[in-house]
There are 2 protein chains.
Amino acid sequence: MTDLDDIDRKLVLALAADATQSAGALGRTLGLSQPATWRRIRRLYDTGIIKGRKLDLDAEKLGFGVTVFLGVKLATKGRVSLEDFERAVVAIPEVQTVEHVLGMYDYRLRVTARDISDFERVLRRRIMTLPAVGNVEANVLLSEEQRPGPLQDA
Amino acid sequence: MTDLDDIDRKLVLALAADATQSAGALGRTLGLSQPATWRRIRRLYDTGIIKGRKLDLDAEKLGFGVTVFLGVKLATKGRVSLEDFERAVVAIPEVQTVEHVLGMYDYRLRVTARDISDFERVLRRRIMTLPAVGNVEANVLLSEEQRPGPLQDA
DNA sequence: GGTGAAACCAGCACGAT
DNA sequence: ATCGTGCTGGTTTCACC
């Protein structure tokens with residue numbers, strides 16, 4: 001962990017809500033000059049607290065109307081099984097996120113497809129044929145809401 | 001869905017990989033002038049295909065070392081139950097994502113905490129006391145990988 | 001889509017507190 | 001150690017063709 005002062009925390013919060021804001025605009029709302037604000041942001045990058053900026057895309061408008069979360073339990077799980085599975089799963093373009101987890105499942109996948117029949121194709125031809133795959137459970141995404149996270153009152 | 005031409009698709013792909021790139025730099029690699037590139041990016045914003053730019057933060061460096069996915073099954077689920085649950089759950093600062101899903105669970109929550117004992121506090125005092133909450137299943141995040149998504153060959 | 005230009009911003013000096 | 005001022009080159013964002 002790295003400790004941040006009050007201003008850094010406000011900067012991270014403001015940028016987390018909208019990373020488009022400029023250093024000058026942020027500084028104005030915080031009562032800081034533009035270079036001072038910029039230096040703090042750069043320091044947040046340099047220390048790795050901010051890893052980068054990512055686009056927030058509308059999957060539906062891009063033609064991908066179906067998002068499904070898959071919980072995958074491996075049938076066998078030595079070191080080789082995990083590595084084989086991970087290598088194979090990241091080669092599937094429809095897989096957006098691969099989460100290695102501990103609990104009822106071994107992996108959690110976020111899969112996106114054009115429609116339900118497209119998803120069936122991905123499931124049957126790509127997911128079910130993954131090495132060492134055991135039980136698979138699916139949850140179809142209806143709606144999603146992102147929250148600022150626990151930093152707000154930290 | 002909105003249809004994009006080849007250049008727009010390349011723009012979205014390039015920006016999805018690194019949203020820091022300038023319109024000028026992108027235009028140079030695509031053989032387009034800087035304002036033309038910028039107009040295309042702005043059109044992607046205006047049509048809502050690009051919803052915004054978000055920070056990619058290192059939760060661990062911010063002092064939140066534990067991330068847990070919770071699958072929540074509601075005990076009762078009329079319209080009121082869903083609304084009550086959603087209203088209560090978005091008020092918990094540790095909840096980063098609320099996903100309404102169809103399948104074995106009704107909701108999937110991404111919860112982040114400082115450590116395991118901090119997570120236990122959130123689970124016992126905030127999650128388990130949510131209105132209409134039934135069965136809860138947990139998966140602890142070990143590692144996570146983001147992929148570009150299926151647009152690459154569309 | 002291109003060109004040109006204005007306003008703005010990033011990024012780096014230097015000096016002050 | 002960090003802020004502020006002043007500056008330069010690049011970027012955004014507007015004209016108009």
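A note on names: the letters A, B, ... follow the listed sequences, proteins ahead of strands, and every chain is numbered from 1. Computed from a prediction, not measured in an experiment: that's the story for all the values here.
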(message) Can you measure A/Arg42 atom CZ to C/dG11 atom C1' for me and round it to whole angstrom units?
(response) 8 Å
(message) More than 12 heavy atoms of other residues, nucleotides or ligands under 6.0 Å from CD of B/Glu86: yes or no?
(response) yes
(message) Quick check: on DNA chain C, is the nucleotide nearest B/Arg43 upstream (toward 5') of the one nearest A/Arg39, or the reverse? Name the residue that is more 5'.
(response) B/Arg43
(message) Strictly below 4.0 Å, N to O, side chains only: are B/Asp18 and A/Arg53 in salt-bridge contact?
(response) no
(request) List the atom of B/Met128, the atom of B/Val133, and the distance in Å for their closest heavy-atom pair. (result) O-CG1, 3.5 Å
(message) Expressed as a whole number of angstroms, how long is the span from B/Gln34:CD to C/dC8:C1'?
(response) 13 Å
(message) If I take atom CG in residue A/Asp46 and atom C1' in nucleotide C/dC12, what distance separates them, rounded to the nearest angstrom?
(response) 14 Å
(message) Expressed as a whole number of angstroms, how long is the span from A/Leu26:CG to C/dC8:P?
(response) 16 Å
(request) Determine whether any donor atom in the side chain of B/Arg40 lies under 3.5 Å from an acceptor atom in the base of C/dG1, or the reverse, and answer yes or no. (result) no
(request) Quickly work out the A/Tyr45 OH to C/dA10 P distance and round it to whole Å. (result) 11 Å
(message) What I want to find out is whether B/Lys61 reaches A/Asp3 closely enough, with some N-O distance under 4.0 Å, to be called a salt bridge.
(response) no
(request) Just call it for A/Ala25: base, sugar-phosphate, or nothing, with non-hydrogen atoms closer than 4.0 Å on any strand. (result) nothing
(request) Keeping to residues at least two apart or across chains, list the side chain to side chain donor-acceptor pair (under 3.5 Å) pairs with something in residues 126-151 of chain B. (result) B/Tyr105-B/Glu137, B/Arg110-B/Glu144
(message) So that I can tick it off, tell me whether B/Arg43 and B/Asp46 are bridged by a salt bridge, with the cut-off set at under 4.0 angstrom between side-chain N and carboxylate O.
(response) no
(request) Would you mind checking if A/Glu99 and A/Arg108 are paired as a salt bridge, meaning a charged N to carboxylate O distance below 4.0 Å? (result) yes
(request) Identify which nucleotide among C/dT3, C/dC9, C/dC12 has an atom closest to any side-chain atom of A/Arg28, counting heavy atoms from C-beta outward. (result) C/dC9
(message) I'd like to know whether NZ of A/Lys10 has more than 12 heavy-atom contacts from other residues, nucleotides or ligands below 6.0 angstrom.
(response) no
(request) Please name the pair of heavy atoms, one in A/Arg121 and one in A/Asp118, separated by the smallest distance, quoted to 0.1 Å. (result) NH2-OD1, 2.7 Å
(message) Below the 4.0 Å mark, does C/dA10 have OP1 or OP2 next to a side-chain nitrogen or oxygen of A/Trp38?
(response) no
(request) Kindly express the pairing pattern of DNA chain D in dot-bracket notation, using | wherever a base pairs with another strand and counting only Watson-Crick or G-U pairs under 3.5 Å. (result) |||||||||||.|||||
(request) Walking along DNA chain D from 5' to 3', note the first and the last nucleotide with an atom under 4.0 Å from a heavy atom of chain A, and give both. (result) D/dT2 to D/dG6
